[in-house]
Amino acid sequence: MSVWLPGAPCTPRACVEPAGSVTAAPRAVLRLLAVTALVLTGAVLSPLGGRIPAGAVRRWCRWIVRAAGVQVRVTGTAAATGGLLLVANHISWLDIPLLAAVRPARMLAKKEIGRWPVVGPLAARGGTLFIDRDGLRALPATVARIAGALRAGQAVAVFPEGSTWCGRAQGHFRRAVFQAALDAGVPVQPVRIRYRTARGEESTVPAFVGEDSLLASLWRVATTRGLVAEVEVRDALAPGGHLDRRSLARAAERSALEGTHQPQILTPGIQHRPMALAAGRCLHAGEEATLDRHLAARRDTVHGPQQGAGVPAGQRVPDQLPA
């Protein structure tokens, strides 16, 4: 497992639910064409760099998300000015423009993205800080680069979970990047990102997880009606309020993840997939402790004793389980 990018157990088959309302294919194609046009426009204008007003960048990022058919709702406090470490939970590729809509920032990304067509050059021109996710010895130098950008008054945006999760479960915030904020003496601004349907129900449709391809995720989002992205900007954590990166990471994690659907933060390697209930309802493993107690009490011959979020994926809940 990488020190920067730990894996998540989420997969499209296990975690991504079917869209409740689907738009027509021609409309979805138009949405994708609009997204492509906006991204290419950004690529053309990217050499201008910092000469583009921050307000224009924020609007452009919102337009990308809106072009995909997703409404944007931003609430909370205004992002701090000056050097700032912007951190958020990570669910989808949509998180990137959503975070930039809060405040334009230099993104921290794995070096492989730099080799992607169109996206790679665009990210490089936008000042993305690429990291070697497998290079532990490069860690101090990477932290120093981030701290240097922060000292220069720039904002750096990071997804400290290190991998995308489905939104119904989350990973822990990795501590290393928070050392840069401590070294530079700048605040940390947590941001909470959630996706819902038009009826206010949580949606995993935008989740870009596991072996999911970018094209498949783009099409799934573009063909879904009524998706809403909720971005809540939490209060900034002032410099000097935490003595070490561990406590700072935990404080940012609590701020960004508290109140989300899954009350128990799961660790990588533990499956937390939906399972079919007798009443035809899906329950996210680990969401309801009574399910595990029920299975353990029955000593079910198929599932065996179950604890926490370790219910085997794709297996049916025994009969007579309370709905």
Asks: Please find the pair of heavy atoms, one from Ala252 and one from Leu237, that lie closest to each other, and give the distance.
Replies: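 Smallest heavy-atom distance, with atoms named: N-CD1, 3.7 Å.
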Asks: Do Leu48 and Val57 sit in the same hydrophobic cluster, where Ile, Leu, Val, Met, Phe, Trp and Tyr count as joined when their side-chain heavy atoms come under 4.5 Å apart?
Replies: yes
Asks: For residues Val143 and Asp183, determine if any side-chain heavy atom of one lies less than 4.5 Å from a side-chain heavy atom of the other.
Replies: yes
Asks: List the atom of Val70, the atom of Ala229, and the distance in Å for their closest heavy-atom pair.
Replies: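 Nearest pair, atom of Val70 first, then Ala229: CG1-N, 3.7 Å.
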Asks: Just verifying a value: how many Å separate His242 NE2 and Phe178 CZ, rounded to the nearest 0.5 Å?
Replies: 10.0 Å
Asks: Does Gln154 reach the main-chain N or O of Arg151 with its side chain, forming a donor-acceptor pair under 3.5 Å?
Replies: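 No: the side chain of Gln154 does not pair with the backbone of Arg151.
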Asks: Mind checking the CZ-CG spacing from Arg51 to Leu45? Nearest 0.5 Å is all I need.
Replies: 11.0 Å
Asks: A side-chain contact here means heavy atoms from C-beta on lying under 4.5 Å apart; do Arg246 and Arg250 qualify?
Replies: yes
Asks: So which heavy atom on Val209 is nearest to which on Cys166, and how close?
Replies: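 Taking Val209 first and Cys166 second, the nearest heavy atoms are CG1-N, 4.0 Å.
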Asks: Would you call Val233 and Thr75 a side-chain contact if the rule is heavy atoms closer than 4.5 Å?
Replies: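 Answer no - side chains too far apart.
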Asks: Using the rule that two of Ile, Leu, Val, Met, Phe, Trp, Tyr join whenever any of their side-chain heavy atoms come within less than 4.5 Å, decide whether Val29 and Leu227 are in one cluster.
Replies: yes
Asks: So, the side chain of Arg31 versus the backbone of Ala222: is there a donor-acceptor pair under 3.5 Å, distance only?
Replies: yes
Asks: Is Thr223 reaching over with its side chain to a backbone N or O of Trp219, donor-acceptor style, under 3.5 angstrom?
Replies: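 Yes, the answer is positive, given that a donor and an acceptor are paired below the 3.5 Å cut-off.
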Asks: Go through the steps for Glu202 and Arg168 under the test salt bridge (Lys or Arg N to Asp or Glu O under 4.0 Å), then give the verdict.
Replies: CA-CA 9 Å; Glu202 186 179 32; Arg168 289 190 167 181; 3.8 Å; yes
Asks: Find out whether Thr204 and Cys15 are in side-chain contact, i.e. whether some heavy atom of one side chain is under 4.5 Å from a heavy atom of the other.
Replies: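 A side-chain contact is absent here, since even the closest heavy-atom pair is not under 4.5 Å.
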Asks: Rounded at 0.5 Å granularity, tell me how far CD1 in Ile91 sits from OH in Tyr195.
Replies: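 One gets 6.0 Å once the value is rounded to the nearest 0.5 Å.
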Asks: Take Thr224 and Val22 through the side chain to side chain contact (heavy atoms under 4.5 Å, CB included) test and state the conclusion after the steps.
Replies: CA-CA 5 Å; Thr224 302; Val22 179; 5.8 Å; no
Asks: Using a 4.5 Å cut-off on heavy atoms from C-beta on, say whether the side chain of Leu257 contacts that of Arg192.
Replies: no
Asks: Do the side chain of Thr11 and the main chain of Ala14 share a donor and acceptor less than 3.5 angstrom apart?
Replies: yes
Asks: Just by distance, do the side chain of Gln189 and the backbone of Ala80 share a donor-acceptor pair under 3.5 Å?
Replies: yes
Asks: Which atom names give the shortest non-hydrogen contact between Ala88 and Pro160, and what distance separates them?
Replies: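 Closest heavy-atom pair between Ala88 and Pro160: O-CD, 3.4 Å.
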Asks: Verify the cluster assignment for Met107 and Leu214: are they in a single hydrophobic cluster under the rule of side-chain heavy atoms below 4.5 Å apart?
Replies: yes
Asks: Can you tell me how far CD of Glu232 sits from OG1 of Thr77, rounded to the nearest 0.5 angstrom?
Replies: 9.0 Å
Asks: With no hydrogens and no angle check, is any side-chain donor or acceptor of Thr23 less than 3.5 Å from a backbone partner on Arg27?
Replies: no
Asks: Measuring from Arg199:CZ to Ser21:OG, what's the distance to the nearest 0.5 Å?
Replies: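 Result: 9.0 Å between the selected atoms.
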Asks: Donor-acceptor check, side chain of Arg234 to backbone of Ser255, threshold 3.5 angstrom: yes or no?
Replies: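 Indeed, once roles are kept as given, a pair shorter than 3.5 Å links the two residues.
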Asks: How about Leu248 and Val188: do any of their side-chain heavy atoms sit closer than 4.5 Å?
Replies: yes
Asks: Membership question, hydrophobic clusters at under 4.5 Å side-chain separation (ILVMFWY): are Leu94 and Leu33 in the same one?
Replies: yes
Asks: Starting from the C-alpha separation in whole Å, work towards a yes-or-no answer on side chain to side chain contact (heavy atoms under 4.5 Å, CB included) for Leu84 and Val186.
Replies: CA-CA 6 Å; Leu84 177 69; Val186 301; 5.9 Å; no
Asks: Going by distance alone, is a donor N or O of one side chain under 3.5 Å from an acceptor N or O of the other, for Glu253 and His172?
Replies: yes
Asks: Where do Glu230 and Arg196 land on the salt bridge (Lys or Arg N to Asp or Glu O under 4.0 Å) test, with the steps shown first?
Replies: CA-CA 8 Å; Glu230 295 182 346; Arg196 299 190 184 277; 3.0 Å; yes
Asks: Just verifying a value: how many Å separate Phe208 CZ and Ser217 OG, rounded to the nearest 0.5 Å?
Replies: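 With rounding to 0.5 Å, CZ (Phe208) is 6.0 Å from OG (Ser217).
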Asks: Can you give me the closest heavy-atom contact between Ala149 and Val156, atom names plus distance?
Replies: CB-CG2, 4.0 Å
Asks: For the residue pair Asn89 and Ala256, what are the closest heavy atoms and their distance?
Replies: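 Smallest interatomic distance, heavy atoms only, reads OD1-O, 4.4 Å.
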Asks: Pairs in or reaching into residues 58-69: which pass side-chain hydrogen bond (donor to acceptor under 3.5 Å, both in side chains), with residues at least two apart or in two chains?
Replies: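 Every candidate side-chain hydrogen bond (donor to acceptor under 3.5 Å, both in side chains) pair involving residues 58-69 fails, so no pair, neighbours aside, qualifies.
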Asks: Mind checking whether Val228 and Val102 sit in one hydrophobic cluster, side chains of I, L, V, M, F, W, Y counted as touching below 4.5 Å?
Replies: no
Asks: Are Leu86 and Val158 close enough, and set up right, to give a side chain to side chain contact (heavy atoms under 4.5 Å, CB included), and what steps lead you there?
Replies: CA-CA 6 Å; Leu86 202 60; Val158 183; over 6 Å; no
Asks: Main chain of Phe173, side chain of Glu161: is a donor-acceptor contact present, judged purely on distance under 3.5 Å?
Replies: no
Asks: Where do Ser92 and Thr164 land on the side chain to side chain contact (heavy atoms under 4.5 Å, CB included) test, with the steps shown first?
Replies: CA-CA 7 Å; Ser92 171; Thr164 50; over 6 Å; no
Asks: Looking at Phe130, is its backbone amide N or carbonyl O close enough to the side chain of Thr128 to form a donor-acceptor pair, meaning the two atoms are under 3.5 Å apart?
Replies: no
Asks: Return each pair, listed once, that meets salt bridge (charged side-chain N to carboxylate O under 4.0 Å, His left out) where at least one residue sits in residues 204-214; pairs must be two or more places apart or across chains.
Replies: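 Of all non-adjacent pairs touching residues 204-214, those that pass salt bridge (charged side-chain N to carboxylate O under 4.0 Å, His left out) are Asp212-Arg220.
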